[in-house]
Amino acid sequence: TNGVRGYNGKARHVVYVGGRSEGFEAQDTRTYQQKKTLETYVKYMVLRHPEIKVAGHNHFNARKDCPSFDVAHWCREIGLKPENILI
């Protein structure tokens with residue numbers, strides 16, 4: 001997929017269904033299952049590629065509400081090492 005110009009060839013893009021309230025405002029709507037699946041995927045990728053940095057789309061794009069949750073905070077919650085979190 002294409003997500004961020006200049007990074008598309010060296011990045012993995014993860015998409016989830018949701019992220020908006022009924023009024024289409026940014027809101028963390030991830031279900032427990034979505035959170036666990038995302039955690040499993042991210043931890044697997046870090047194990048396979050220990051040098052990677054995990055970041056939200058908003059770190060590269062003017063849309064500050066994409067994704068609709070704080071990726072760095074979430075990464076710390078799931079126990080990623082600071083060197084794997086793009087701040």
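Nothing fancy with the numbering, it's 1 onward along the sequence. Side-chain atoms are counted along with the backbone in the values below, which use heavy atoms only and exclude waters and symmetry mates. This structure is a prediction, so every number in the text was calculated from the model and none was measured.
- Counting heavy atoms from C-beta on, the side chains of R76 and I87 come closer than 4.5 Å.
- For the pair V46 and V54, the minimum side-chain heavy-atom distance is below 4.5 Å.
- Side-chain contact check for E25 versus Q27: every heavy-atom pair is 4.5 Å or farther apart.
- In plain terms, the two heavy atoms of P67 and H57 that are nearest each other are CD-N, 3.7 Å.
- With Y7 as the aromatic partner, K10 meets the cation-pi criteria of under 6.0 angstrom to the ring centre and within 45 degrees of the ring axis.
- More than 12 non-hydrogen atoms from other residues, nucleotides or ligands lie less than 6.0 angstrom from CD of E51.
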Could you walk me through whether Q34 and V17 satisfy the side chain to side chain contact (heavy atoms under 4.5 Å, CB included) test, starting with their C-alpha distance in whole Å, then the side-chain angles of each, then the deciding distance to 0.1 Å, before giving a yes or no? CA-CA 9 Å; Q34 286 174 313; V17 175; 4.3 Å; yes
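- Taking 4.5 Å as the limit, every side-chain heavy atom of T37 sits out of range of all side-chain heavy atoms of Y32.
- Residues Y41 and R12 form a side-chain contact, since some pair of their non-hydrogen atoms from C-beta on lies under 4.5 Å apart.
- Salt-bridge annotation for E39 and K35: absent, with no side-chain N of the basic residue lying under 4.0 Å from a carboxylate O of the acidic one.
- Between A72 and L86, the closest heavy-atom pair is CB-O, 4.5 Å.
- A donor-acceptor distance shorter than 3.5 angstrom exists from the side chain of K43 to the backbone of I78, with no hydrogens or angles considered.
- Here the closest non-hydrogen pair linking V71 and G56 is CG2-CA, 3.5 Å.
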Given side chain to side chain contact (heavy atoms under 4.5 Å, CB included), test I52 with M45 step by step and report yes or no. CA-CA 8 Å; I52 68 168; M45 293 306 291; 4.0 Å; yes
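- Counting only distance, with no hydrogens or angles, the side chain of D65 and the backbone of S68 share no donor-acceptor pair below 3.5 Å.
- For E22, the CD atom sits in a loose shell: 12 or fewer heavy atoms of surrounding residues, nucleotides or ligands are nearer than 6.0 Å.
- In the hydrophobic cluster analysis, where Ile, Leu, Val, Met, Phe, Trp and Tyr join through side-chain heavy atoms closer than 4.5 angstrom, L80 is grouped apart from L47.
- Of all heavy-atom pairs spanning P50 and N84, the tightest one is O-ND2, 2.9 Å.
- Using a cutoff of 4.0 Å between basic side-chain nitrogens and carboxylate oxygens, R20 and D28 are not scored as salt-bridged.
- The closest side-chain heavy-atom distance from L38 to R30 is below 4.5 Å.
- Contact of the E77 side chain with the W74 side chain is registered, since non-hydrogen atoms from C-beta on lie closer than 4.5 Å.
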